[in-house]
Amino acid sequence: MDKYDHKRIDSKWQEIWSSKGLYQTKDEKDKPKYYVLDMFPYPSGAGLHVGHPKGFIATDILARLKMLQGFNVLHPMGWDAFGLPAENYALKNKLHPKESTDKNIATFKSQLKKIGFTYDWEREINTTDPEYYKWTQWTFLKMYEKGLAYESHEPINWCPSCKTGLAQEDLEDGKCERCGSEIERKPMRQWVLRITEYADRLLNDLDKLEGWEDSIKEMQRNWIGRSEGAEVSFKIKKQKAKSKNENCHSEGAQATEESNASISSQTSDQASGELKVFTTRPDTLFGCTYCVVAPENQTILNLESSISNWNEINDYIKKTKKKSDLERTDLNKDKSGVRIEGIMAVNPADGEEVPIFVADYVLPNYGTGAIMAVPAHDERDFEFATKRNEELRNKNEELIGIRCVVSPKDNREHLRLVGNTPEEDSQKILEEIHRGERCYFWKGENINSDFLNGLETDEAKKKMIEWLEEKGVGKGKVNYKLNDWVFSRQRYWGEPIPIVHCPVCSTVAVPEDQLPIELPQVENYEPTGTGESPLAGIDEWVNTTCPKCSGPAKRETNTMPQWAGSSWYYLRYIDPKNDKALVDKDKEAYWSPVDFYVGGAEHATRHLIYARFWHKFLYDIGVVNYEEPFTNLQHVGLIMAEDGRKMSKRWGNVINPDDIVEKYGADALRVYEMFMGPFGQSVSWSTNGLEGARRFLDRVWNLSDKIYEKMEETERELHKTIKKVGEDIAEFKFNTAISQMMIFVNKAVDLGVDKDIFEKFLIVLAPFAPHIAEELWEKTGHKDSIFKEEWPKFDPEMIKEEEIDLVVQVNGKLRDTIKVPADISEEEAKKIALASKR
RNA sequence: GGGCAUGUGGCGGAACUGGUAGACGCGUACGACUCAAAAUCGUAUGGGAGCAAUCCCAUGAGGGUUCGAUUCCCUCCUUGCCCACCA
């Protein structure tokens, strides 16, 4: 007989599938739909390595299973071709991004086609196609219309090497995620999307996403970073001339009492402003002994005239600016800061005047950029106060108070929870806080806090917020770590932002019927580094007329970030050629949402948050009918090189799927990648393992020549296999599915099979190894594709074990193993066991 | 520092809601076929004791619950990922 000739078989079936249009998806609305989606790749110059197709193989298996189960399946592919990586690659290789992108797409596509995917290439999309990005721009206009897209001049993250502003999400360790350069903070005009408006919905709807892995949901929760607390206003007053405390060179605790004594002393100095702070612990307001503002905070700049040591403050602000983000967030670094002389902040709770510092441990872009410091109950404040006090003590000046207002509860369980050894008791901790030797930031009971005394933390918080609101000096407030999305890039290779700047009408949206605003062809597309995009240099494109007044105007030259086009692409596959709408309503209603989405975990806090936000917006304006885009989400584990490192040109350990397909066949690659280990886990490539997969296919091939008679034992195994493979694919447990198929084949080789059993097995195998399955299906006498068949049903009777081994143990020791009927009752089993013991 | 994972033979990994740990694959050893090798097929393969039936030990470490724990609980350790002065 002939051998399994994978080269002939692979290309034969790939041709047949494509010429017959087997995988072209029709909108057959009488059938149930199933939408399986891969995160579309950006076509880099390096081409695919063997790790890329792993996720694609998985979705392909799922798609083929669903086809066999009678679903109308949508399984599309496209290209995320805009953005920095594509542009940097083009720059490096001295090519126009358009040319290099097209070339790379061609390479990727040919590589993918060799693996035999069910992609419907009629629906291929490309984010750089004007017919596609027309709708990206359209959505931007809608957001602008609703006030969700706005211009801002706040300092943002700037990558000096990529010469563009970046979003919070584009940083890694304070460095540019793409090139690793240290990020600078640079004030510049930019477009920003108000994603924070959706923060609560993005957070709360996570609970509805039962088909998402918990780890990814948790990452999103942390990224959104919701915290409840209060915003409190401190009045700013001119500092009185140095007074009674001048002579006080005592310890911190005593200084605290001194200042306690002055609580009610009212001054007649004029208030010269207000300092707003955010805190999650309004219950500790009575423990506030100073305030800190971030160096970037505008409040201090406005108070220049009242500040007596302005030069010193100004120096500090300048120094901070020079620090990179990395230096600034370096935790090991001592907390630096300068006291602002000449003004004091008034604690609204007790009227006490407390000093104000500038310090860079307070971040400008969280909360109000200013805090109330409670050193007795916050680690960072404690560290700062302790450090300052050392200096102050040397200078014989008044110390910063460390005032305890929360007493740990005298409860062993509680103390253990908050990280204290059981020997420590609350009294001892309390004494230490009082002496200013430690801080305590967990919950407890309020003391030294006037009307909060005796209340537990949660109640105290509530009461304080009520009180603040009543007095009009503060309010309950929720804050997020999530920042609004910095949406403009000063680069060439992105969607132009459809806005016109008119000297008369200022900022004007481009009317919808003028979309798309196409990216002009230019000679020089290198970034300028000036804060303007290279588009600014193209006069004939920049100069336009104002849509409102028809006067001369200039186009917006910033472009959108890479994440723009990928935030909604899954909707476009549903209706890729529609020039009237982003997506047809009926088609959207049929196909949406995506049933299963597979891609890298690195997108958990970028693409997946952006896409959810974009989708919710489209929901709000009635474009889509469902609030969440992806029902099930599964992340792919990386494939590492055989040496355990990441596959990379640098290490010379990259394996190209083309070579594997050539040598072992597409089906061997598919089976092996799914058999390597649990799908979500990263595993190292092993050529020996790959050979094992190929051996399995050879055994299947050889089995087709040994079809004789029906064997009950084999038939039983078949039914088990049908059940297990079907279930395992749905749970993405491909490794155990393949293991079960191997068990079946081993049994079939040993005991024999008949035609019926073998054919059913071929259908089960087909999603994994479609080429060989088609070939053998034809060989057994079928004319049509195996994928027109129905997924076989298993007979529960065939799966039941008739007898099971009952293990008899006495005191944990194995005494006997006896065969009993599988459906035995517990009592009977006991009887038999007891009888056998004797 | 916080969050989420993770830890099982020489290796990748199985083990359903607690029930004979090591399925399946790789590797290795021996055997068959061959003049020989490769490929293929067969047998064995966690460690220890024994001629053997069989027994003892073993799922990161240490405790606990249970007739019985890889699985549940507590303490600690390893490795990986994500976040990180977020008030």
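In the text below, chain A, chain B and the rest are named by the order of the sequence lines, each starting its count at 1.
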Counting Watson-Crick and G-U wobble pairs only, both distances under 3.5 Å, name the nucleotide matched with B:G1, or none. B:C83
Salt-bridged, A:Arg645 to A:Asp643, with N to O below 4.0 Å? yes
Please check the phosphate of B:C4 (OP1 and OP2 only) for any side-chain N or O of A:Arg221 closer than 4.0 Å. no
A:Lys217 NZ - B:C82 C1' separation (whole Å): 17 Å
From the options B:C26, B:A87, B:G12, select the nucleotide whose nearest atom is closest to the side chain of A:Asn688. B:C26
Using the P atom on both, measure B:G18 against B:C30 and round to a whole Å. 45 Å
Re B:G62: Watson-Crick or G-U wobble partner, both distances kept under 3.5 Å, found to be B:C74
Side-chain N or O of A:Arg695 less than 4.0 angstrom from OP1 or OP2 on B:C26? yes
When you get a sec, tell me which of B:A87, B:C24, B:C4 is the closest nucleotide to the side chain of A:Asp378? B:A87
Rounded to the nearest angstrom, tell me the gap between atom CD1 in A:Ile216 and atom P in B:C83. 13 Å
Using a heavy-atom cut-off of 4.0 Å across all strands, would you classify A:Ile371 as base, sugar-phosphate, or nothing? base
I'd like the C1' distance from B:G60 over to B:U79, given in whole Å. 11 Å
Starting from the 5' end of RNA chain B, give me the residue, A:Phe278 or A:Ser682, whose nearest nucleotide shows up first. A:Ser682
Remember a base hit wins even if backbone is also touched, and classify A:Arg606 as base, sugar-phosphate or nothing at under 4.0 Å, heavy atoms. nothing
Torsion-based syn/anti label for B:G9, 90° from 0 as limit: syn
Between A:Glu390 and A:Arg388, is there a salt bridge with N-O shorter than 4.0 Å? no
Nearest-Å distance, CZ (A:Phe734) to C1' (B:A23)? 20 Å
Less than 6.0 Å separating the ring centroids of A:Tyr672 and A:Trp685? yes
P atoms of B:C33 and B:G27, separation to the nearest Å: 23 Å
Name the nucleic acid region contacted by A:Asn735, choosing base, sugar-phosphate or nothing; use a 4.0 angstrom heavy-atom cut-off, strictly under. sugar-phosphate
Nearest listed nucleotide, side chain of A:Pro678, among B:C83, B:A14, B:A15: B:A14
Would you classify A:Gly367 as touching base, sugar-phosphate or nothing, given that sugar-phosphate means primed atoms plus P, OP1 and OP2, and contacts are heavy atoms under 4.0 Å? nothing
Between B:C41 and B:G25, how far is it from one P atom to the other, in whole Å? 11 Å
With both distances under 3.5 Å as the test, what is the Watson-Crick or G-U wobble partner of B:C51? none
Interatomic distance at C1', B:A61 relative to B:A52, whole Å: 37 Å
Please give, in whole Å, the distance from B:U40 P to A:Arg699 CZ? 10 Å
Take atom C1' in B:A84 and the same atom in B:G2, then report the distance between them in whole Å. 7 Å
Hunt down the Watson-Crick or G-U wobble partner of B:A21, both distances under 3.5 Å, from any strand shown, or write none. none
Does A:Gln681 put a side-chain nitrogen or oxygen below 4.0 Å from OP1 or OP2 of B:G13? yes
Salt-bridge test for A:Glu169 and A:Arg606: reply yes if a basic N is under 4.0 Å from a carboxylate O, no otherwise. no
Can you find a side chain N or O atom of A:Asn746 that sits less than 4.0 Å from OP1 or OP2 on B:G25? yes
Could you give the distance separating B:U6 and B:G10 at their P atoms, to the nearest angstrom? 23 Å
Return the nearest nucleotide to the side chain of A:Trp223; candidates are B:A23, B:C26, B:C83. B:C83
Base, sugar-phosphate or nothing for A:Ser684? Non-hydrogen atoms, less than 4.0 Å. nothing
Between A:Tyr366 and A:Asn483, do the side chains contain an N or O donor and an N or O acceptor separated by less than 3.5 Å? no
From CG of A:Asp360 across to C1' of B:C85 the rounded distance in Å is 9 Å
Phosphate OP1/OP2 of B:G3: any A:Ser215 side-chain N/O under 4.0 Å: no
Please confirm whether the shortest side-chain N or O distance from A:Tyr361 to OP1 or OP2 of B:A87 is below 4.0 Å. no
Rounding to an integer number of Å, can you tell me how far A:Met372 CE sits from B:C85 C1'? 17 Å
What residue among A:Asp283, A:Asp458, A:Thr457 forms side-chain hydrogen bond (donor to acceptor under 3.5 Å, both in side chains) with A:Lys443? A:Asp458
When both hydrogen-bonding distances must be under 3.5 Å and the geometry is Watson-Crick or G-U wobble, what is B:C26 paired with, if anything? B:G10
Taking the P atom in each of B:U66 and B:U71, what is the distance between them to the nearest angstrom? 16 Å
Any donor-acceptor pair under 3.5 Å joining the side chain of A:Lys335 to the base of B:C85? yes
Give A:Thr279 one of three labels, base, sugar-phosphate or nothing, depending on what nucleic acid heavy atoms sit under 4.0 Å from its own. sugar-phosphate
Is it the case that A:Lys724 places NZ or CZ above or below the six-membered ring of A:Phe744, under 6.0 angstrom from the centre and within 45 degrees of the axis? no
B:A32: pairing nucleotide in any strand, Watson-Crick or G-U under 3.5 angstrom: B:U40
Is A:Asn222 close enough to B:C83 that one of its side-chain N or O atoms is under 4.0 Å from OP1 or OP2 there? no
Under 6.0 Å between ring centres: does that hold for A:Phe382 and A:Phe384? no
Options B:A14, B:C4, B:A87, nucleotide nearest the side-chain atoms of A:Thr736: B:A14
note: A:Ile224, atom CD1; B:A84, atom P; distance rounded to Å ~ 14 Å
Does the structure show a Watson-Crick or G-U wobble partner for B:A69, both distances under 3.5 Å? Name it, or say none. none
d(CD1, A:Ile738; C1', B:G25) in whole Å: 10 Å
Using a strict cut-off of less than 4.0 Å between a Lys/Arg side-chain nitrogen and an Asp/Glu carboxylate oxygen, indicate whether A:Glu383 and A:Lys335 qualify as a salt bridge. yes
Closest nucleotide of RNA chain B for A:Gln168 versus for A:Met676: which of these residues is on the 5' side? A:Met676
